[in-house]
2 protein chains.
Amino acid sequence: MTTAPGTSLRITIPELASLLRPALLRLTRIVRNQRVDLSVTLTQLSAMWTLEKRGPMSAGELANCERVQPPSMTKVLANLEERGLVRREVHPTDRRQAIIAITPEGVTLLDSERRSRDAWLTQQLGTLTAEERALLQKVIPIFDKLAAQ
Amino acid sequence: MTTAPGTSLRITIPELASLLRPALLRLTRIVRNQRVDLSVTLTQLSAMWTLEKRGPMSAGELANCERVQPPSMTKVLANLEERGLVRREVHPTDRRQAIIAITPEGVTLLDSERRSRDAWLTQQLGTLTAEERALLQKVIPIFDKLAAQ
DNA sequence: TATTGTTATACTCTATAACTATA
DNA sequence: TATAGTTATAGAGTATAACAATA
């Protein structure tokens, strides 16, 4: 099963699916557990990160970005709001919608979390070759494409 | 610092970490939910798949393969055993250890699960280009390396 | 009547701490 | 005393179904 650099044995698409799925699952388990500040989980961090990157948006829109169902996002937001890391405002013209925004406290936490929390993954990535990292970078948009359903 | 043909812009390692983490999280969420037979979860399936691929092993060894703590594996195995999908035997020389093996029923379920459950991912992978699939295939061992801690 | 979001409920996933049995 | 595994406990993550408020 060894492959020379740059070449790979051809496998079928279902075989690729069978290999990719558990590999994803295991790596995500590890990444999820690399927490320095135990008060913020990966799920919460990812939601905050999206809010920071894309700006304020409705709860439903955020759930869609994060690929979770609305009730799941409700829970995450309740937790974050309670701690003052995000705030909600009513939509100016549609009072059903809650517009969620990250707070300055949220941004501050995000910065320090990112520095400390990324430490493990950053360190791990540092052990790879530049080619392997380039490969990872190229695969991210493919993941996004797959996750887009 | 040469740029190989086909590579994208170079980013820093922490930036790569910040991009990779949420991409992983979101794709795993989607993949986890693609269940045809609702009775078997991705976590259970992955454990069974490892047993099938690597053969019988102790509960602790399996937990290690799957990157979970022993009590988490205990739960998974209790569920699988109850349904006759795995069986346990006591270790011939060390009666503390439980040697776990997949049963013929487990293999059967795994086969049909793989066919049906992989349907979504297989279909999604089919929408990618051959180059993108080759990239995914090459990235799997890198994931395994990262997950190995 | 349709849409946005929340509440109610339930189950899986996962961990840490404490315990049991065996070595 | 050390190791393998289980039990006890707890919380996060996530979903579906039912509901409320608003459009």
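Below, read A as the first sequence line, B as the second, and so on, with proteins coming before strands; counting in each chain starts at 1.
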Sequence neighbours left out, what passes side chain to side chain donor-acceptor pair (under 3.5 Å) with [X]? Give chain and number order.
X	answer
A/Asp111	A/Arg114
B/Thr127	none
A/Thr108	none
B/Arg54	none

Tell me the interatomic distance from [X], atom [atom1], to [N], atom [atom2], rounded to whole angstroms.
X	N	atom1	atom2	result
A/Ile99	C/dG5	CD1	C1'	12 Å
A/Leu77	C/dG5	CG	C1'	11 Å
A/Arg26	C/dT14	CZ	P	12 Å
B/Met73	C/dT12	CE	P	16 Å

Next on the checklist: Per the ring-ring contact (aromatic ring centres under 6.0 Å, His included) rule, what does the pair list look like for residues 59-79 of chain B, sequence neighbours excluded?
Outcome noted: none
Next on the checklist: Using a heavy-atom cut-off of 4.0 Å across all strands, would you classify B/Thr93 as base, sugar-phosphate, or nothing?
Outcome noted: sugar-phosphate
Nucleotides 1-4 of chain C: which of its N/O atoms have a protein N/O under 3.5 Å away?
from: C/dT3; atom 1: O4'; to: A/Arg96; atom 2: NH1; distance (Å): 3.4
from: C/dT3; atom 1: O2; to: A/Arg96; atom 2: NH1; distance (Å): 2.7

Next on the checklist: I need the full list of salt bridge (Lys or Arg N to Asp or Glu O under 4.0 Å) pairs touching residues 92-106 of chain B, with sequence neighbours left out, sorted by first then second residue.
Outcome noted: B/Asp94-B/Arg96
Next on the checklist: Going by side chain to side chain contact (heavy atoms under 4.5 Å, CB included), B/Leu110 matches just one of B/Val40, B/Leu45, B/Leu51. Which one?
Outcome noted: B/Leu45
Checklist entry - Taking OP1 and OP2 of C/dT7, is either one under 4.0 Å from a side-chain nitrogen or oxygen of A/Thr74? => result no
Item to check | Contact interval (first through last nucleotide) of DNA chain D with protein chain A, 4.0 Å heavy-atom | outcome: D/dA12 to D/dA23
Item to check | Residue pair B/Arg32 / B/Thr41, side-chain donor-acceptor N/O under 3.5 Å | outcome: no
Next on the checklist: With no hydrogens and no angle check, just 3.5 Å: does a side-chain donor-acceptor pair link A/Arg21 and B/Gln34?
Outcome noted: no
Would you list the protein and nucleotides 15-17 of chain C atom pairs, both N or O, that sit under 3.5 Å from each other?
from: C/dA15; atom 1: OP1; to: A/Asn33; atom 2: ND2; distance (Å): 3.2
from: C/dA15; atom 1: OP2; to: B/Gln69; atom 2: N; distance (Å): 2.8
from: C/dA15; atom 1: OP2; to: B/Ser72; atom 2: OG; distance (Å): 2.8

Checklist entry - Are the side chain of B/Arg133 and the backbone N or O of A/Ile13 linked by a donor-acceptor pair below 3.5 Å? => result no
Next on the checklist: Just to verify, what does A/Ser46 make a side chain to side chain contact (heavy atoms under 4.5 Å, CB included) with, not counting sequence neighbours?
Outcome noted: A/Glu66, B/Pro22, B/Leu25, B/Arg26
Checklist entry - Looking at residues 78-91 of chain B, who's got a heavy atom less than 4.0 Å off DNA chain D? => result B/Arg88
Checklist entry - Going through the distances and angles, do A/Asn33 and A/Arg29 end up as a side-chain hydrogen bond (donor to acceptor under 3.5 Å, both in side chains)? => result CA-CA 6 Å; A/Asn33 288 340; A/Arg29 275 178 185 145; over 6 Å; no
Next on the checklist: Could you work out, with salt bridge (Lys or Arg N to Asp or Glu O under 4.0 Å) as the rule, every residue matching B/Glu61, not counting sequence neighbours?
Outcome noted: none
